[in-house]
Amino acid sequence: MSSFLHQRPIQNPFSNAYPVSPRSSSTSQRPISIFSPTGLIILLSLMVILGVFVPWSGMPVATFSNSKKASSSLSKWRDYTLAEAASFVAKNGTLIICAVSQPYLPFLNNWLISITRQKHQEKVLVIAEDYATLYKVNEKWPGHAVLVPPAIDSQTAHKFGSQGFFNFTSRRPQHLLKILELGYNVMYNDVDMVWLRDPFPYLEGNHDVYFTDDMVAVKALNHSHDLPPPGKKGRTYICSCMIFLRPKDGAKLVMKKWIEELQAQPWSKAKKANDQPAFNWALNKTAGLVDLYLLPQAAFPTGGLYFKNQTWVQQTKGMHVIIHNNYITGFEKKIKRFQDYGLWLVDDHALDSPLGRL
């Protein structure tokens with residue numbers, strides 16, 4: 001034979017044909033052919049060992065490697081700072097931000113689809129208020145979400161009027177102030193909004209703070225852009241859900257005053273406050289010191305006007321820019337209203353979002 005295993009004789013466990021003794025081991029060594037019964041058994045055994053045990057021995061290593069890689073990715077986003085995120089996302093010194101907890105992800109996606117249609121999605125930075133949102137957004141759209149500690153309880157943050165909702169919304173001026181201090185222009189939107197047109201051409205001039213009126217009373221098309229007069233409660237009724245700020249001292253002053261007003265009017269079971277009254281007090285108390293600009297009502301209507309005054313909607317057709325689905329509470333009700341008006345885009349156009357289907 002041409003090939004042999006040259007080693008000590010191996011006793012066949014199935015026969016006594018080659019008994020080994022101290023004497024015969026030194027004088028009677030017989031080579032074993034791989035084509036002999038014994039050789040074939042040995043070869044088959046080696047193949048079984050290689051085929052069965054080697055793949056299994058590699059699996060824990062691969063699993064550990066993948067687990068380590070996933071853990072490293074999560075750690076990366078945990079340590080991702082607002083300064084790093086703003087630098088990565090900003091375009092021409094401008095950011096568009098929203099603050100989102102996990103229950104609002106469908107609304108985030110709907111809002112993003114509408115922004116993508118206006119080609120401004122690359123400016124969007126999602127302020128994630130819980131780690132589930134942080135990881136989900138960055139998994140789908142790396143670098144476009146950041147969490148500013150501490151994380152909040154996402155299950156209590158979505159109920160309007162609750163302390164969780166107050167804690168969620170009261171962080172808004174802190175986020176905006178930090179971005180202004182980093183030197184960026186910043187637009188804030190709630191995610192129950194839909195863009196119909198590009199809002200940036202409406203940000204005329206070089207004012208400090210731009211905002212929208214939340215009152216449903218119809219204004220003249222050429223209405224003043226000054227801060228409206230106070231209402232019955234001694235303050236204005238400006239919406240805190242659509243704001244544009246330039247990194248100027250006036251805008252920073254309003255954010256600092258907003259933070260002060262929130263601290264002075266904390267949530268209680270009796271008052272069940274939200275962030276909007278404090279924002280209005282901040283505007284009213286700094287009005288003489290800050291360059292303020294009221295955006296046109298026809299372009300930025302409150303939900304109480306757009307969804308409830310169809311005569312006005314027809315009269316201003318083609319002028320609407322951003323629609324806010326407010327003056328209604330509850331996820332299901334908001335979704336139903338968007339669906340009724342053809343503004344719930346997620347079902348048919350999810351792939352137009354940078355996040356795709358969630």
Side-chain angles (χ1 to χ4, degrees), residues 98 104 107 110-111 114 158-162 165-166 169 172 187-197 199 202-204 207 209-244 254 258 261 265 271-285 287 292-344:
C98 61
Y104 285 94
F107 286 92
N110 198 65
W111 176 71
S114 72
H158 65 275
K159 187 177 180 182
F160 183 83
S162 67
F165 185 83
F166 175 81
T169 58
R172 186 179 309 174
M187 176 183 287
Y188 174 84
N189 278 189
D190 272 4
V191 292
D192 61 344
M193 292 184 168
V194 168
W195 289 25
L196 301 182
R197 299 171 70 181
Y202 294 81
L203 305 174
E204 299 176 356
H207 307 286
V209 182
Y210 298 73
F211 46 81
T212 64
D213 199 339
D214 215 14
M215 294 293 286
V216 299
V218 174
K219 299 179 185 293
L221 291 178
N222 62 344
H223 67 74
S224 168
H225 296 290
D226 295 337
L227 184 69
K232 293 179 181 179
K233 295 184 179 181
R235 56 171 170 77
T236 50
Y237 204 59
I238 299 302
C239 186
S240 61
C241 307
M242 159 61 198
I243 308 169
F244 182 78
V254 172
W258 190 0
E261 292 294 326
Q265 302 174 46
K271 293 183 71 173
K272 296 186 177 179
N274 60 69
D275 68 305
Q276 188 159 297
F279 177 56
N280 278 269
W281 284 119
L283 290 172
N284 296 171
K285 293 179 180 181
L292 304 175
Y293 187 85
L294 175 65
L295 289 163
Q297 183 186 54
F300 302 90
T302 180
L305 179 58
Y306 182 84
F307 293 108
K308 297 186 177 183
N309 189 335
Q310 290 308 297
T311 300
W312 178 88
V313 170
Q314 289 302 314
Q315 291 171 346
T316 55
K317 188 175 181 179
M319 300 182 188
H320 314 134
V321 177
I322 294 181
I323 306 303
H324 187 195
N325 196 356
N326 64 342
Y327 277 79
I328 191 172
T329 59
F331 285 0
E332 293 76 14
K333 290 180 181 179
K334 282 179 180 278
I335 291 172
K336 177 66 164 56
R337 182 198 258 177
F338 266 159
Q339 289 171 334
D340 291 344
Y341 284 80
L343 298 175
W344 187 247

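As the structure is a computational prediction, the values presented were derived from the model and not from experiment. Values reported hereafter were calculated over all heavy atoms of this structure, with side chains retained and with hydrogens, waters and symmetry mates removed.
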Are any of the side-chain heavy atoms of Thr316 and Met319 separated by less than 4.5 Å? yes
Is the gap between the ring centers of Tyr104 and Trp111 under 6.0 Å? no
Ring-ring centroid check His324 Trp195, cutoff 6.0 Å: no
Would the distance check show the side chain of Arg172 and the main-chain N or O of Ser240 forming a donor-acceptor pair, the cut-off being under 3.5 Å? yes
Look at the aromatic rings of Phe307 and Tyr341 and report parallel, tilted or perpendicular, splitting at 30° and 60°. perpendicular
For the atom pair CG (Leu227) and OG1 (Thr236), what is the distance rounded to the nearest 0.5 Å? 5.0 Å
For the ring pair Phe244 and Phe211, is the centre-to-centre distance below 6.0 Å? no
Under a 4.0 Å threshold between the charged nitrogen and the carboxylate oxygen, would Asp192 count as salt-bridged to Arg337? no
Do Tyr237 and Pro230 have side chains that approach each other closer than 4.5 Å (heavy atoms only, starting at C-beta)? no
If you define the side chain from C-beta out and look only at heavy atoms, does anything of Ile243 sit under 4.5 Å from Phe279? yes
Between Tyr293 and Val209, does a side chain to side chain contact (heavy atoms under 4.5 Å, CB included) hold up when you go through it step by step? CA-CA 6 Å; Tyr293 187 85; Val209 182; over 6 Å; no
With distance as the sole test, does His320 use its side chain to make a donor-acceptor pair with the main-chain N or O of Leu196 at under 3.5 Å? no
Distance-only check: which donor-acceptor pairs under 3.5 Å involve side-chain atoms of residues 212-219, not counting sequence neighbours?
residue : atom : partner : partner atom : Å
Asp213  : OD1  : Met215  : N            : 3.1
Asp213  : OD2  : Lys219  : NZ           : 2.9
Asp214  : OD1  : Thr302  : OG1          : 2.7
Asp214  : OD1  : Asn326  : ND2          : 3.0
Asp214  : OD2  : Gln276  : NE2          : 3.2

What are the two closest non-hydrogen atoms of Pro296 and His223, and how far apart are they? CA-NE2, 3.4 Å
Can you check whether Val194 reaches Ile322 side chain to side chain, under 4.5 Å on heavy atoms? no
Validation row: Pro228, Ile238 side chains within 4.5 angstrom (heavy atoms): yes
Scanning both residues in full, the closest heavy-atom pair of Asn189 with Cys98 reads O-CB, 3.4 Å
Do the ring planes of Tyr202 and Phe300 sit parallel (below 30°), tilted (30 to 60°) or perpendicular (above 60°)? perpendicular
Full working for side chain to side chain contact (heavy atoms under 4.5 Å, CB included) between Gln339 and Ile335: CA-CA 6 Å; Gln339 289 171 334; Ile335 291 172; 3.7 Å; yes
Specify the closest pair of heavy atoms between Glu261 and Ala282, including all atoms of both residues, with the distance to one decimal. CG-N, 4.2 Å
Closest heavy-atom pair and its distance - Cys241, Met193: O-CE, 3.2 Å
Donor-acceptor contact present, side-chain Asn284 to main-chain Asn280, <3.5 Å: yes
Donor-acceptor pair, side chain of Lys334 and main chain of Asn325, under 3.5 angstrom: yes
Within-4.5 Å side-chain heavy-atom neighbours: Leu294 and Tyr210: no
Heavy-atom side-chain contact between Pro199 and Met187 under 4.5 Å: yes
Is there side-chain contact between Trp281 and Lys233, with at least one heavy-atom pair below 4.5 Å? no
